[in-house]
Novice: 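Have a look at this one before I ask anything.
Everything quoted here is computed from the prediction, not taken from an experiment. Labels below follow one simple rule: chain letters A, B, ... track the order of the sequence lines, proteins then strands, and each chain is numbered from 1. What's counted below: heavy atoms across the whole structure, side chains too, no hydrogens, waters or symmetry copies.
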Protein chains: 2
Amino acid sequence: MSAPPKHAIRPATLEAIVEAAIHLLNANAGATMSEIAAQAGVGRATLHRHFQTRKDLIRAIGIRCIEEMNASVQIGQDAGKPAVDRLRSMFRAVIPLGDRYSFLSLESADDDSVRQGYKVQLRWVEALVEDLKKQREIDPDVPTRWVVAQIDQLVWTAWNGTSEGYLTPDEASELAVRTLIHGLHRRAQPHYSS
Amino acid sequence: MSAPPKHAIRPATLEAIVEAAIHLLNANAGATMSEIAAQAGVGRATLHRHFQTRKDLIRAIGIRCIEEMNASVQIGQDAGKPAVDRLRSMFRAVIPLGDRYSFLSLESADDDSVRQGYKVQLRWVEALVEDLKKQREIDPDVPTRWVVAQIDQLVWTAWNGTSEGYLTPDEASELAVRTLIHGLHRRAQPHYSS
DNA sequence: ATTGATTGAGACACTATTGTCTCATTTTTG
DNA sequence: CAAAAATGAGACAATAGTGTCTCAATCAAT
């Protein structure tokens with residue numbers, strides 16, 4: 001495939017590029033290599049030294065993001081814990097990665113490695129939903145795809161709430177769990193399975 | 001601003017262009033004027049005859065979409081009806097416009113007319129949420145912004161569910177109402193305020 | 001401090017897309 | 001059917017972005 005880059009990359013440079021690219025490409029999917037370089041405080045040539053192609057850059061960042069997400073999804077998923085607790089752990093771990101997440105859905109929807117990584121994540125979430133159904137936390141009649149979609153959206157909305165400053169990370173996770181399981185009805189209080 | 005177009009446009013041509021553009025730009029935000037013309041079954045020159053610039057095209061479609069959405073949001077919003085019924089009416093009316101909606105959030109986030117139109121919509125939704133809180137359907141302690149964000153996301157998820165074929169429009173609206181108010185808990189049954 | 005490697009800046013050719021124009025063809029209107 | 005108008009097809013210049021390269025400046029490690 002692509003020849004291994006002749007130049008090594010300085011960790012600080014890599015970090016700057018990755019963060020700038022995620023940030024810019026979220027705000028504007030058509031962001032330019034020049035813009036990314038400028039935002040990263042790096043020469044445009046340096047971008048091309050380490051990522052021959054714009055696609056290579058997006059692809060590399062996509063893989064990085066999906067790996068970060070997958071690692072986070074699995075945090076605190078001990079089979080022993082009640083499913084609701086695992087749900088909360090997942091939210092807590094994943095919500096702070098909301099920008100990564102939206103980058104993935106905007107930019108890397110058609111990359112093979114990313115799609116494959118996403119399937120892994122999907123299976124974890126589906127397994128969790130199945131457990132939630134078994135433990136009677138979620139109505140088995142609701143399509144699993146719907147539940148999974150809600151979880152996805154809740155991650156994004158919760159991240160957005162923290163990044164806009166009207167929610168703390170803890171509030172966001174708690175609100176996400178509550179919204180999914182009990183909804184926003186007034187008397188809906190969390191009442192976890194005994 | 002832009003001179004009034006010298007050529008009239010045939011309604012069928014306009015329709016074809018608008019639909020093609022919405023469809024293509026949802027799938028690929030960077031879709032080309034050529035691609036849009038081809039998908040619309042129209043010459044590329046015709047596009048430029050009626051929309052001088054690519055921006056003009058996106059802008060015109062954005063305005064059209066936001067107006068369609070605003071009209072739909074207000075369907076069946078008689079002040080007399082219970083807020084939950086109005087919520088359901090809104091979902092029913094808006095969910096079928098999901099593709100319009102995602103077009104707006106992807107393409108027209110920075111257009112002034114669209115932003116202004118979006119504010120109108122936002123106020124309607126906020127008013128509905130306030131009523132839901134007053135009628136004790138939604139916990140007043142939950143931030144209104146969170147509720148509004150959930151409604152937004154539910155519209156998209158529900159539209160997606162119908163377009164992927166695993167939900168009928170009615171199921172989608174019902175599931176959206178239930179998810180928002182009562183959540184997906186097993187024993188959560190709709191119990192509207194007497 | 002010196003050496004080796006990474007980076008920044010800019011020039012360059014190449015490609016894709018945009019936006020304008022013209023003219024023949026088709027469609028609509030009367 | 002005839003006139004007017006809208007469309008399709010293609011040529012065209014202009015622009016913007018990509019990817020490659022070179023060379024001087026800067027940084028890191030010994």
Novice: Just how far, in rounded Å, is C1' of D:dT18 from CG of A:Asp56?
Specialist: 13 Å

Novice: Tell me, yes or no, whether the heavy-atom count around A:Gln116 atom CD, taken from other residues, nucleotides or ligands under 6.0 Å, exceeds 12.
Specialist: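 Not more than 12 within 6.0 Å, no.
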
Novice: When you measure from every atom of DNA chain C, which of residues 38-48 of chain B have a heavy atom less than 4.0 Å away?
Specialist: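 Residues of residues 38-48 of chain B that come under 4.0 Å of DNA chain C are, in numerical order, B:Arg44, B:Ala45, B:His48.
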
Novice: Between A:Gln52 (CD) and D:dC21 (C1'), how many Å, whole number?
Specialist: 14 Å

Novice: Output yes when at least one side-chain N/O atom of A:His50 is less than 4.0 Å from OP1 or OP2 of C:dT6, else no.
Specialist: no

Novice: Nearest to the side chain of A:Met33 - C:dG19, D:dT18, D:dT7?
Specialist: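 Comparing C:dG19, D:dT18, D:dT7 against the side chain of A:Met33, the answer is D:dT18.
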
Novice: Does the D:dG8 base have a donor-acceptor partner in the side chain of B:Arg49 within less than 3.5 Å?
Specialist: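 Flag set: donor-acceptor pair detected.
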
Novice: Can you tell me if A:Thr168 uses its side chain to pair, donor with acceptor, with the backbone of A:Glu171 under 3.5 Å?
Specialist: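 Indeed, once roles are kept as given, a pair shorter than 3.5 Å links the two residues.
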
Novice: Can you tell me the distance, in whole Å, between the NZ atom of A:Lys55 and the P atom of D:dG19?
Specialist: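 To the nearest whole Å, that distance equals 9 Å.
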
Novice: Are B:Tyr118 and B:Asn70 close enough that a side-chain donor and a side-chain acceptor fall under 3.5 Å?
Specialist: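 Side-chain D/A pair, B:Tyr118 to B:Asn70: absent.
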
Novice: Please report the distance, rounded to the nearest Å, between CG in B:Leu14 and C1' in D:dT7.
Specialist: 14 Å

Novice: Considering all heavy atoms of both residues, which atom of B:Ile66 and which atom of B:Val114 are nearest to each other, and what is their separation?
Specialist: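 Looks like CG1-O, 4.1 Å.
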
Novice: Between D:dG8 atom P and B:Ile9 atom CD1, what is the distance in whole Å?
Specialist: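 Between P of D:dG8 and CD1 of B:Ile9: 10 Å.
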
Novice: Could you run down the sub-3.5 Å N/O contacts of the protein with nucleotides 26-29 of chain C?
Specialist:
none

Novice: Using every non-hydrogen atom in the two residues, find where A:Ile61 and A:Ala21 come nearest and quote the distance to one decimal.
Specialist: CD1-CB, 3.2 Å

Novice: Among D:dG17, C:dT22, C:dT7, find the nucleotide with the atom closest to the side chain of A:Thr32.
Specialist: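 Closest of the options to the side chain of A:Thr32: D:dG17.
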
Novice: In whole angstrom, give the distance that lies between atom CD1 of A:Ile58 and atom C1' of D:dT18.
Specialist: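 The distance from CD1 of A:Ile58 to C1' of D:dT18 comes to 13 Å, rounded to the nearest Å.
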
Novice: Take B:Ser105 and B:Trp156 through the side-chain hydrogen bond (donor to acceptor under 3.5 Å, both in side chains) test and state the conclusion after the steps.
Specialist: CA-CA 11 Å; B:Ser105 46; B:Trp156 159 255; over 6 Å; no

Novice: So, A:Thr144 versus A:Glu130: side-chain donor-acceptor pair below 3.5 Å or not?
Specialist: yes

Novice: Can you give me the closest heavy-atom contact between A:Ser89 and A:Ile75, atom names plus distance?
Specialist: CB-O, 3.9 Å

Novice: Between A:Glu15 (CD) and C:dT6 (C1'), how many Å, whole number?
Specialist: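 In whole Å, C:dT6 C1' and A:Glu15 CD are 17 Å from each other.
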
Novice: Mind calculating the distance between CZ (A:Phe51) and C1' (C:dT7) to the nearest angstrom?
Specialist: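 Computing the A:Phe51:CZ to C:dT7:C1' distance gives 15 Å.
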
Novice: Minimum heavy-atom separation for B:Arg86 and B:Lys81, please, with both atom names.
Specialist: NE-O, 3.3 Å

Novice: Taking only side-chain nitrogens and oxygens of A:Thr53, does any of them come within less than 4.0 Å of OP1 or OP2 of D:dG19?
Specialist: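 So the side chain of A:Thr53 is within the cut-off, an N or O lying under 4.0 Å from OP1 or OP2 of D:dG19.
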
